[in-house]
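Accompanying notes for the structure given below.
Heavy-atom basis, side chains included; hydrogens, waters and symmetry copies ignored. Remember, predicted model here, so these are calculated numbers, not experimental data.
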Amino acid sequence: MKPSSGRPAAPAPLVIESSVVEGLPAEGALLLRMAGSLDAAGAEAWSEELRGHLEQADRAGLRPVLDMAHVQLGGAAVLRTLSETTRARAGRPDLIIVRARPGVREAVHLARLEGVRLYATLDEALRELARAAARVEELPAWRSQMADPLRPSYEDLHKEVRALRARVRTAPVIGMAQGALMVRYGLPDAGSAFRVLREASQRFNVPLRVLVSAVVVARPPDGEVWFPGRRSLPVPQLRILARGGRDPRCRRQMIDAVVHEALAVGRAPAGYVQLVDPAVNALMLETHHGCADVFLDHLVRGRGEGTADAAARVGGRQVGVPDVAADPRLSDDCRRALLATGTHAVRSVPVLSAAGSCTGVITLHWPDAGHRPTSAQTEALALLATETSAWLSWYHRSVLLDALEHLHRTLIRPAPRAGPQAGASGVPPWEPGPARNTHHGKGVRRMSNPQQPDSGAVTRAAPHRRTAAS
């Protein structure tokens with residue numbers, strides 16, 4: 001993210017945004033989401049800002065949780081700031097850090113900072129807080145719990161490399177969306193456009209990748225309303241995906257449900273879901289279960305040719321590969337990746353829209369050569385794909401278009417003038433302002449994470465509040 005000062009070579013300032021996570025048995029948490037880069041020059045100012053947020057958490061009786069997933073660079077400056085901050089908090093609850101990148105996590109681990117606890121994910125940290133709050137006995141003395149298992153592993157590094165490859169494929173689309181917003185609304189720079197995109201992404205719990213793709217492929221707005229005449233559409237009737245009270249507005253929850261239902265139907269040990277990104281016209285990995293790093297690395301490289309997924313997408317029908325070693329439809333690269341992970345049979349099921357176009361693919365893997373799903377399993381997988389398509393169409397026509405509409409309203413709103421008539425921050429909505437506190441009455445929804453709105457979409461859904469990423 002480039003700073004708005006016009007110096008592209010300078011690192012983006014480290015910004016903290018806070019939100020309250022409620023719903024724990026006895027207490028809540030104050031989630032502090034960091035984004036940007038920290039250098040020695042900005043360490044002191046950021047340290048003061050961090051201490052202010054921590055004091056706010058202490059006064060409110062909330063546990064501080066620091067999300068460092070988007071912290072770039074920093075090194076010694078970050079460690080020095082955290083060391084000084086935790087020393088000042090002696091006797092108070094530990095500072096919890098989640099989603100730190102392997103490099104930052106390793107540095108924190110080696111520094112042996114007292115009063116810091118590391119967790120891989122926000123869910124893991126919240127579960128631990130819930131368990132601690134539920135215990136009747138007093139908590140043990142606060143201490144650092146940075147054990148060796150939390151040090152970066154090869155798996156962590158593989159995940160980061162895959163994430164980097166995915167970002168490389170998404171970066172051009174983000175640039176196209178930023179350029180479109182700058183031209184349409186006269187924004188001063190790409191950083192301003194990115195901040196508005198990120199705000200809409202978080203508010204509606206829509207992954208940034210999904211949102212920017214929709215900005216690129218949707219027809220440009222012509223008036224004060226981007227999609228005039230939209231009406232609210234009811235959530236489709238879902239027999240499979242609605243189990244367990246799943247929230248159809250939560251994209252990550254629903255896509256995870258798709259892969260787990262498919263695994264249960266096919267009795268497969270591994271599988272994954274890909275959805276088509278319309279801006280790049282390619283399948284993008286959304287979620288997986290049981291897939292080895294070797295195959296996932298092959299998948300995120302974007303080499304879609306010579307796979308069962310590609311054949312299912314092009315043909316619009318289920319494609320079975322009962323013997324990976326002998327099937328001529330597979331490319332050599334795909335065959336090697338599958339066999340290296342012990343996969344000898346594959347089944348890919350296309351997710352087809354009402355118009356017959358493929359919007360995604362569900363794929364299952366089995367270790368036994370010659371494996372073929374039964375006719376009942378094949379029908380159940382087809383039904384699951386139909387439900388997935390119905391939900392995805394509704395999501396595009398409601399939640400995603402609401403996010404685009406909000407984006408449009410934000411940018412056509414006149415900027416507040418300086419002086420008595422100005423707002424609290426006195427800056428346009430796309431300019432950086434002070435960190436915003438967003439309090440949620442029912443916890444924080446997690447983002448997960450682009451799909452295109454179907455052409456002619458016409459719905460309106462109630463906007464979500466600002467949300468925290470998982």
Side-chain angles (χ1 to χ4, degrees), residues 236-246 248 253-276 283-292 294-296 298-299 304-331 334-394:
Q237 294 293 326
L238 304 175
R239 294 169 51 192
I240 302 175
L241 296 180
R243 294 171 182 168
R246 293 162 178 154
Q253 184 180 117
M254 295 298 287
I255 293 176
D256 284 343
V258 172
V259 72
H260 287 292
E261 293 289 352
L263 292 171
V265 169
R267 298 185 179 180
Y272 55 92
V273 174
Q274 298 178 97
L275 297 179
V276 174
L283 290 169
M284 302 289 285
L285 178 64
E286 297 287 344
T287 189
H288 69 90
H289 177 84
C291 297
V294 173
F295 180 75
L296 293 175
H298 167 80
L299 206 59
E305 298 300 324
T307 65
D309 311 325
R313 181 189 178 191
V314 172
R317 57 181 178 79
Q318 295 191 30
V319 172
V321 180
D323 189 353
V324 168
D327 198 300
R329 292 173 293 182
L330 301 182
S331 67
C334 178
R335 181 179 292 103
R336 281 193 295 267
L338 289 169
L339 294 177
T341 63
T343 298
H344 293 273
V346 174
R347 187 82 172 186
S348 290
V349 183
V351 177
L352 302 178
S353 70
S357 62
C358 182
T359 58
V361 177
I362 306 167
T363 301
L364 297 178
H365 289 176
W366 292 274
D368 303 322
H371 182 90
R372 289 181 174 84
T374 64
S375 59
Q377 289 174 328
T378 300
E379 292 177 5
L381 289 172
L383 176 61
L384 176 61
T386 300
E387 283 203 0
T388 303
S389 174
W391 164 76
L392 197 58
S393 176
W394 173 86

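Rounded to the nearest 0.5 Å, atoms CZ (Arg313) and OG1 (Thr307) are 10.5 Å apart. A distance of 7.0 Å separates CD of Glu261 from CG of Leu384, quoted to the nearest 0.5 Å. Between the CG atom of Leu299 and the CE atom of Met284 there is a distance of 10.5 Å, given to the nearest 0.5 Å. Atom CG in Leu352 sits 8.0 Å away from atom OG1 in Thr386 (nearest 0.5 Å). Asp323 contributes atom CG, which lies 9.0 Å from atom CZ of Arg335 (distance to the nearest 0.5 angstrom). Considering CG of Leu392 and CD of Glu387, their distance stands at 13.0 Å, rounded to 0.5 Å.
When all heavy atoms of Gly271 and Leu263 are compared, the closest pair comes out as N-CD2, 3.6 Å. The minimum heavy-atom distance between Thr363 and Val346, with the atom names listed, is CG2-CG1, 3.7 Å. What you find for Arg246 and Ile240 is that their closest heavy atoms are NH1-O, 3.4 Å. Contact between Gln253 and Gly245 at its shortest, heavy atoms only, is OE1-O, 4.3 Å. Cys358 approaches Pro350 most closely through the heavy-atom pair SG-CB, 4.2 Å. Pairing each heavy atom of Gln377 with each of Val265, the nearest pair is NE2-O, 3.2 Å.
A heavy-atom distance below 4.5 Å is not found between the side chains of Gln274 and Glu286. Considering only heavy atoms from C-beta on, Ile362 comes within 4.5 Å of Val258 through its side chain. Put simply, the side chain of Leu338 reaches to within 4.5 Å of the side chain of His365, judged on heavy atoms. Looking only at side-chain heavy atoms (C-beta outward), Tyr272 and Thr287 stay at 4.5 Å or farther from each other. For the pair Val351/Val361, no side-chain contact is recorded, criterion being any heavy-atom separation below 4.5 Å from C-beta on. Using a 4.5 Å cut-off on side-chain heavy atoms (C-beta onward), Val324 and Leu330 make contact. Residues His298 and Cys334 form a side-chain contact, since some pair of their non-hydrogen atoms from C-beta on lies under 4.5 Å apart. When side chains are defined from C-beta on, Thr343 does not count as touching Phe295, because their heavy atoms never get closer than 4.5 Å.
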List the steps and the verdict of side-chain contact (heavy atoms from CB on, under 4.5 Å) for Gln318 and Leu381.
-> CA-CA 9 Å; Gln318 295 191 30; Leu381 289 172; 4.3 Å; yes
Steps toward side-chain contact (heavy atoms from CB on, under 4.5 Å) verdict (Val319, Arg329) = CA-CA 10 Å; Val319 172; Arg329 292 173 293 182; 3.6 Å; yes
Could you go step by step and tell me if Ser389 and Ser353 meet the side chain to side chain donor-acceptor pair (under 3.5 Å) rule?
-> CA-CA 6 Å; Ser389 174; Ser353 70; 5.8 Å; no
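Side-chain atoms of Trp366 come within 3.5 Å of backbone N or O of Gly266 as a donor-acceptor pair.
Taking the six-membered ring for Trp and the full ring otherwise, the centers of His371 and His344 sit at least 6.0 Å from each other.
No more than 12 heavy atoms of other residues, nucleotides or ligands shown are found within 6.0 angstrom of CZ on Arg267.
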